[in-house]
Amino acid sequence: MARAASLRKSIRAVLNGGAYADTGPAIAIKAAIRAIGPYHIPNLRLEAVGVYTNTVPGAAFRSIGGPQAVWATESQMDIMASALGRDPVEFRLANMADKGQTIKPDLRPLDVDMRNSLRKAVAALESLPEPTDARRRGRGVAVGVSDPGIVPVGGAIVRLRADGSINVSANTVEIGQGSRGVLRIIAHKALGQPLRRIAVAEPDTLQAPYDWGTGASRSTVIIGLAVQMACEDIVRQVQETAAQVLGGSPQAYQLGESCVEGPGGPLSILDLLRRFNGMAAGEFLGVGRVNSNTHNGDFKLAPLFWETGAGACEIEVDEGTGAIRVMRVGGAADLGHVINRKAAEGQDEGAMVMGLGHTLSEEYVYEDGQVVNGTLFDYKVPTMEDAPRHVATTLIESGDGPGPFGARGGGEGAILPVAPAVANALFQGWGVRIKELPLTPERVWRALQAAKAETNNQ
C-alpha cells in the first residue's frame, strides 16, 4: 500500500449472518467499506457476502461490520510495515488519505485529519505513567473509520415557559450514551439559560416530533441540531415579542436569564408574556426539524460525517499461560465539538473496554449445532479486572462537524482499533502473528510455543 500509481486493494468480506437476515446483509456491506480504512487507494475491488448458516442470528454491533473489517486491515498494515522494515506508525502516516480526500468515490470525502488523530493517540499513550518494573512489553497501534448509515430525519420541540423553565421534547432514547444530558447542554448553550432550569422529557412518539431512530451515532448530530434550531426559533420569537411590546427593532433585544434584555432594562419572561397576552401565563414554543435539505442540501451526501478512531496500546503476556494483560491505552477521536466532555470520554473508553471483549475472550462455542456457552457465566465479557491499568483519551475539536456548534457523533469509532492494536503489540513484543480472534490464553500460548520450536529448529 505504499504510494504508487498502481496502488490497489481487493477486499472480500464473508460474514456469518446466522439463521435469519436481520441486519446481517447490511453488516456485510459495511464491513467491506470499513475495511478500506482511512487510506487513499485509487483502485478498489470490494465484495461483500452475507451467508446464512444454522447458527444464532448475527445482528448489529457497535460500528456494524467495523470491528471485523478493521481487524483484518490494520493487522495487514503491520504485516506490510514489518516486511518493508518500516515503523508501523510512519507507514500508516505515509499512506493515509488527506482530510478532504476521497476514500470511496460515492461517499463523502474524509472529513477528519487522521494523521493528527494517530499522532494524538500515540502521544496519549506516552503521557501515561511509565511502568516501574522491567517486564517485557509490546506496543501496537491501529486506526479505523466508519461511515454511519444515518437517515437525516428528526425533530425536536423546546418550550420556554412563563416561569423561565425550559422543556425539551424529542424521541431520541437514552440508553446510557448520555443523550439526555447532551440535549440539556445544547439548549443551555443555545438559549443561555442555567442547566438547572432545563429538563428533557422522556420520549413519547405520540407527542414529540418524528425521529428515525436512536443509532448510528446520530443523536447529538440530528436531534441535537434540531434542539439548537428550536432554541433559535424561541430566541427569534422572544425578540419579536419584545419589539411588539416595548418598541424598537427585534435585533435590539436578547434573551437573558429568564428575561429579555434591551432598551429600557431587563423584563422577565413572565412580565413579557403578561404584557403580550394580557395575563401572567403562556410560553414560547420552538420547533426544529432536520432533513436531507438541512445545511443547503449537504445532508443528502453520505455519510453525514466519518466516525473515526485511533488507538495505541501496551500489553504484557504471561508466557506460561498465554494470558494477555492490556496495561496502557491511548486513544484519540475528532468529535468536531465536545458538548459533554466526561460523557464523551466515557463513551470512547467504554467502547475500548467493550472491544477488549471480542479481542481477548468473547466467542460462541458450538457442539452439534448448539451454543454451549450461551450464558454470561460461560460467555466471558470484560470485567474491571480486564480493564487497562491506565487510559488516556484525547478528544479533538476541529469545529467542522455537521451537528450543533460543529459537533460530529462519537462513541463507536473507539472500538475499531482495539483488536488489531493488541495483536500488533503481541507481534511487536513477541514476534508472533495471530490472525484469528479472540486472542485467548490457549491460542496465544500455542503461538508462542510454535515460535519457540521454530527458533530452536533453526
Side-chain angles (χ1 to χ4, degrees), residues 12-16 31 35 53 55-56 58 67-83 88 131 133-142 311-329 352-383 385-389 415-458:
R12 187 171 192 263
V14 180
L15 281 90
N16 178 0
T53 63
T55 59
V56 298
Q68 301 95 314
V70 175
W71 156 249
T73 296
E74 289 299 291
S75 295
Q76 184 187 44
M77 288 297 291
D78 262 48
I79 291 169
M80 290 187 290
S82 177
D133 55 55
R135 292 183 183 179
R136 187 176 184 179
R137 293 181 177 85
R139 281 192 181 187
V141 299
C313 74
E314 185 176 78
I315 68 169
E316 293 180 357
V317 175
D318 183 334
E319 296 184 23
T321 65
I324 292 175
R325 175 66 170 162
V326 181
M327 304 301 294
R328 303 194 298 167
V329 174
M352 177 272 297
V353 174
M354 182 180 286
L356 288 178
H358 68 256
T359 301
L360 300 178
S361 60
E362 295 180 23
E363 65 176 334
Y364 275 136
V365 177
Y366 290 90
E367 287 185 8
D368 299 324
Q370 299 295 318
V371 176
V372 296
N373 64 332
T375 70
L376 288 178
F377 182 80
D378 299 307
Y379 183 90
K380 189 176 184 306
V381 299
T383 66
E385 291 184 351
D386 302 304
R389 295 285 176 86
I415 199 173
L416 299 174
V418 179
V422 172
N424 292 338
L426 180 64
F427 177 79
Q428 187 272 333
W430 287 266
V432 296
R433 171 61 60 183
I434 298 178
K435 299 180 180 180
E436 184 178 357
L437 290 175
L439 304 174
T440 59
E442 180 181 352
R443 192 166 282 151
V444 173
W445 183 84
R446 290 186 182 281
L448 291 173
Q449 297 307 305
K452 288 179 182 178
E454 183 178 349
T455 300
N456 293 335
N457 291 333
Q458 289 179 351

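Residue pairs meeting the salt bridge (Lys or Arg N to Asp or Glu O under 4.0 Å) criterion with at least one partner in residues 424-436, sequence neighbours excluded, are Glu436-Arg443. Residue pairs satisfying the ring-ring contact (aromatic ring centres under 6.0 Å, His included) criterion with at least one member in residues 352-382, sequence neighbours excluded, are listed as follows: Tyr364-Tyr379.
Side-chain contact between Pro438 and Thr359: absent, with no pair of heavy atoms (C-beta onward) separated by less than 4.5 Å. Taking 4.5 Å as the limit, every side-chain heavy atom of Val418 sits out of range of all side-chain heavy atoms of Val326. With contacts defined as side-chain heavy-atom distances shorter than 4.5 Å, the pair Lys452/Gln449 qualifies. Residues Arg137 and Pro131 are in side-chain contact: their nearest non-hydrogen atoms beyond the backbone lie under 4.5 Å apart. Looking only at side-chain heavy atoms (C-beta outward), Val70 and Thr73 stay at 4.5 Å or farther from each other.
A pairwise comparison of heavy atoms in Ala447 and Val432 identifies O-CG1, 3.6 Å as the closest pair. The minimum heavy-atom distance between Pro88 and Asp78, with the atom names listed, is CB-OD1, 3.5 Å. Summarising the geometry of Pro388 relative to Val353, their closest heavy-atom pair is CD-CG2, 4.5 Å, with the distance given to 0.1 Å. The shortest non-hydrogen separation linking Glu319 to Trp445 is O-CD1, 3.5 Å. Listed here is the closest heavy atom pair of Gly311 and Ala421: O-CB, 4.5 Å.
For the atom pair Glu316 CD and Arg136 CZ, the distance stands at 12.0 Å (nearest 0.5 Å). Met327 contributes atom CE, which lies 7.5 Å from atom CD of Glu314 (distance to the nearest 0.5 angstrom). The CG atom of Asn16 lies 11.0 Å from the CD atom of Gln68; values are rounded to the nearest 0.5 Å. Leu426 CG to Ile324 CD1: the interatomic distance, rounded to the nearest 0.5 Å, is 5.0 Å. We find the NZ-CG distance between Lys380 and Asp386 to be 3.5 Å, quoted to the nearest 0.5 Å.
Under the 3.5 Å distance criterion, the side-chain polar atoms of Gln428 are left unmatched by any main-chain donor or acceptor of Gly140. Looking only at distances, no side-chain donor or acceptor of Asp378 sits under 3.5 Å from a matching main-chain atom of Gly374. Side-chain N or O atoms of Asn424 include one that pairs as donor or acceptor with a backbone N or O of Glu74 at under 3.5 Å. Thr455 contributes a side-chain N or O that, together with a main-chain N or O of Ala451, makes up a donor-acceptor pair within less than 3.5 Å. The backbone N or O of Val365 lies less than 3.5 Å from a partner atom in the side chain of Asn373, making a donor-acceptor pair.
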